[in-house]
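Here is the naming used below: chain letters follow the sequence lines, and residue numbers restart at 1 for every chain. Since the model is a prediction, treat every value here as computed from it, not as a measurement.
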Number of protein chains: 2
Amino acid sequence: MTDRDIRVLVVEDEAIAAEAHAAYLGRLTGFVHAGTVGDGHSALRALATAVTAGQPIDLVLMDMTLPDLHGLDVSRRMRAAGLTTDIIAITAVRELHIVRGAVAAGIVQYLIKPFTYSTFAQKLVQYRDFRLQLGGLSAMTSQTDVDLAFASLRTPTELPRPKGLSEGTLGAVIEFLKLQTVPVSSSEVMEQLGISRVTARRYLEHLADTGSLERSPRYGTPGRPENEYVWRR
Amino acid sequence: MTDRDIRVLVVEDEAIAAEAHAAYLGRLTGFVHAGTVGDGHSALRALATAVTAGQPIDLVLMDMTLPDLHGLDVSRRMRAAGLTTDIIAITAVRELHIVRGAVAAGIVQYLIKPFTYSTFAQKLVQYRDFRLQLGGLSAMTSQTDVDLAFASLRTPTELPRPKGLSEGTLGAVIEFLKLQTVPVSSSEVMEQLGISRVTARRYLEHLADTGSLERSPRYGTPGRPENEYVWRR
DNA sequence: GCGACCGTGACCAATATGACCGCAACAGTG
DNA sequence: CACTGTTGCGGTCATATTGGTCACGGTCGC
């Protein structure tokens with residue numbers, strides 16, 4: 001299913017934005033810019049011809065504010081036409097009230113303008129991972145497997161800093177972890193940074209939950225296994 | 001938006017299962033069982049009349065195997081009719097290949113039969129939280145807010161884990177077993193994962209008891225027969 | 001003085017260890 | 001050939017050990 005690149009159609013009426021999206025796409029591996037259209041009806045036509053040409057679109061980057069139709073209407077018409085193409089919505093802040101309908105229309109991701117390249121890349125990489133995970137779904141039989149696949153689509157990589165964590169300490173912990181080449185335990189973080197083990201764990205766990213850290217138990221010694229952490233990339 | 005109960009329509013052709021779902025619903029606060037239908041066309045009719053009666057359905061628990069239409073078709077027709085009702089799909093294991101289309105049809109959750117009450121409750125509570133979060137979204141303006149709302153809908157559920165077993169170790173053991181093509185013994189798991197034989201056996205036995213693993217004794221060598229385990233697909 | 005953040009210590013949980021038990025293969029004896 | 005003791009290895013259990021977890025209280029800044 002995903003042994004080839006993901007073909008992406010950009011639906012955006014502003015030429016500058018459309019070019020930016022295409023350029024962003026070019027910087028990501030696994031994606032191919034399959035074309036750009038400026039309004040809803042053109043999008044529907046383009047999707048149909050792509051199917052008849054044997055090169056169906058896999059993903060649509062759809063701006064919600066189009067000259068003829070609303071992006072949500074385009075999505076609904078796509079569904080009515082039987083298309084299962086995935087859609088990532090691009091919307092301005094003032095249109096947030098349509099998030100609700102977007103879920104029902106089968107929109108997989110939501111990008112709020114203006115966005116940076118890293119945000120854009122993050123969302124598309126998540127989508128790519130989701131497809132990869134679904135690709136191996138034939139062998140999956142459990143609720144957990146499906147949950148995991150869905151989760152890879154909709155987990156924010158950047159949680160806001162919860163209560164009990166301070167900016168300064170968090171920065172220090174991150175900085176320390178980035179310098180390490182081998183996994184470190186909470187005790188080592190405690191020693192090196194001069195903070196208590198409990199505090200060190202608070203920050204390490206938060207970073208692990210948000211996906212910045214890889215967490216794995218360390219065995220071999222008697223006693224409860226100790227978690228060790230590595231900075232991801 | 002969510003200052004009232006969530007009205008739920010059960011679409012299920014087997015009477016026993018339908019009753020079970022309704023009963024489960026009754027045990028959850030914030031949900032109201034708005035009716036039960038046994039096939040796709042009845043579902044579409046019921047949804048339409050609910051709208052004209054001024055009491056629209058908020059959520060459909062849709063079995064995928066229906067006597068007249070496939071649940072996925074019913075979902076598509078709902079979208080084509082302009083309904084933004086949310087859908088939780090209920091499916092058997094052998095239908096897993098339709099997960100892909102389900103996303104595009106705007107299906108928010110996936111339940112695999114047979115499921116326990118706790119799994120059921122977990123999914124519905126997640127959905128309720130999602131609605132609550134969206135309800136307060138009018139004042140929100142950031143990408144993070146939308147991400148959080150979406151995440152509350154699709155976070156991975158951790159499988160129930162009896163005492164004495166840790167999340168990380170269980171995951172490691174499962175991962176290792178999935179990679180094996182031939183049955184492995186507890187000693188082999190011990191060596192490869194660097195854990196003690198006793199620990200390895202605790203996890204293997206648990207997985208075998210819950211049905212994830214096939215267990216059989218291995219003879220031929222001197223000494224007490226050794227159990228060997230295979231991941232069950 | 002109030003909230004946010006961190007430390008402390010008691011308690012809980014998960015693991016390794018080692019002694020002991022059970023089972024099957026093996027070898028020797030009748 | 002049958003029976004029996006021996007041997008070797010994995011399963012089982014109790015215990016020690018260590019880190020994780022939680023609730024509370026202190027301290028610092030606003």
Side-chain angles (χ1 to χ4, degrees), chain A residues 159-177 180 182-231, chain B residues 144 158-177 180 182-210 212-230:
Chain A
L159 287 170
R161 187 163 46 84
K163 280 208 161 189
L165 273 61
S166 74
E167 173 81 36
T169 312
L170 185 60
V173 171
I174 291 177
E175 184 134 357
F176 174 71
L177 281 162
Q180 307 305 314
V182 294
V184 292
S185 70
S186 64
S187 310
E188 288 156 347
V189 175
M190 169 190 75
E191 280 183 358
Q192 297 297 319
L193 293 182
I195 59 183
S196 79
R197 206 185 62 209
V198 178
T199 302
R201 280 202 81 274
R202 271 203 277 265
Y203 287 89
L204 290 170
E205 283 300 310
H206 169 252
L207 289 170
D209 287 340
T210 56
S212 306
L213 255 49
E214 190 100 38
R215 168 182 36 196
S216 60
R218 177 191 289 173
Y219 305 98
T221 59
R224 182 167 175 161
E226 186 177 15
N227 282 329
E228 56 184 21
Y229 306 85
V230 231
W231 184 258
Chain B
T144 314
E158 55 183 63
L159 41 132
R161 183 161 48 76
K163 280 208 161 189
L165 273 60
S166 73
E167 160 104 31
T169 309
L170 185 58
V173 171
I174 290 177
E175 189 156 346
F176 174 72
L177 282 164
Q180 307 305 314
V182 294
V184 293
S185 69
S186 65
S187 308
E188 288 157 346
V189 175
M190 168 191 76
E191 279 184 359
Q192 296 298 317
L193 266 54
I195 62 183
S196 77
R197 209 182 57 212
V198 178
T199 303
R201 266 194 47 72
R202 274 194 295 125
Y203 286 89
L204 290 170
E205 283 301 312
H206 167 252
L207 289 170
D209 287 342
T210 56
S212 305
L213 252 49
E214 191 100 36
R215 168 181 37 194
S216 59
R218 176 194 289 174
Y219 300 98
T221 59
R224 183 169 176 161
E226 186 177 13
N227 282 330
E228 57 183 20
Y229 306 84
V230 231

>> At a heavy-atom distance below 4.0 Å, which nucleotide of DNA chain C is the first touched by chain A, and which is the last?
In response: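 Here the contact window of chain A covers dA4(C) to dA16(C).
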> Given that S166(A) and R197(B) both sit by DNA chain C, which one's nearest nucleotide is further toward the 5' end?
Replying inline: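 Taking each residue's closest nucleotide, the earlier one in sequence belongs to S166(A).
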Roughly how far, to the nearest 0.5 Å, is the [atom2] atom of [Y] from the [atom1] atom of [X]?
X: D209(B); Y: R215(B); atom1: CG; atom2: CZ; result: 5.0 Å
X: Q192(B); Y: S187(B); atom1: CD; atom2: OG; result: 11.5 Å
X: S185(A); Y: E191(A); atom1: OG; atom2: CD; result: 8.0 Å

> Does a donor on one side chain sit under 3.5 Å from an acceptor on the other, for E205(A) and Y229(A)?
Replying inline: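 Per modelled atom types, E205(A) and Y229(A) side chains form a pair under 3.5 Å.
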> Closest approach of V189(A) and A200(A), non-hydrogen atoms and distance?
Replying inline: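 Smallest interatomic distance, heavy atoms only, reads CG1-CB, 4.0 Å.
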>> Has Y203(A) got a side-chain atom pairing as donor or acceptor with I174(A)'s backbone, closer than 3.5 angstrom?
In response: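 No, Y203(A) side chain to I174(A) backbone: no donor-acceptor pair under 3.5 Å.
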> Is it true that a side-chain atom of Q180(A) and a backbone atom of L177(A) form a donor plus acceptor pair closer than 3.5 Å?
Replying inline: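 Answer holds: no.
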Could you list the donor-acceptor pairs under 3.5 angstrom formed by side chains in residues 216-225 of chain A, with sequence neighbours left out?
from	atom 1	to	atom 2	distance (Å)
R218(A)	NE	E228(A)	OE1	2.7
R218(A)	NH2	E228(A)	OE1	3.1
Y219(A)	OH	T169(B)	OG1	2.6

>> Can you give me the first and the last nucleotide of DNA chain D (5' to 3') that has an atom within less than 4.0 angstrom of a non-hydrogen atom in chain B?
In response: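 The contacted stretch runs from dG8(D) to dC13(D).
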> Within the structure shown, what part of the strands sits under 4.0 Å from S186(B) by heavy-atom distance: base, sugar-phosphate, or nothing?
Replying inline: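 Sugar-phosphate, backbone atoms only, no base.
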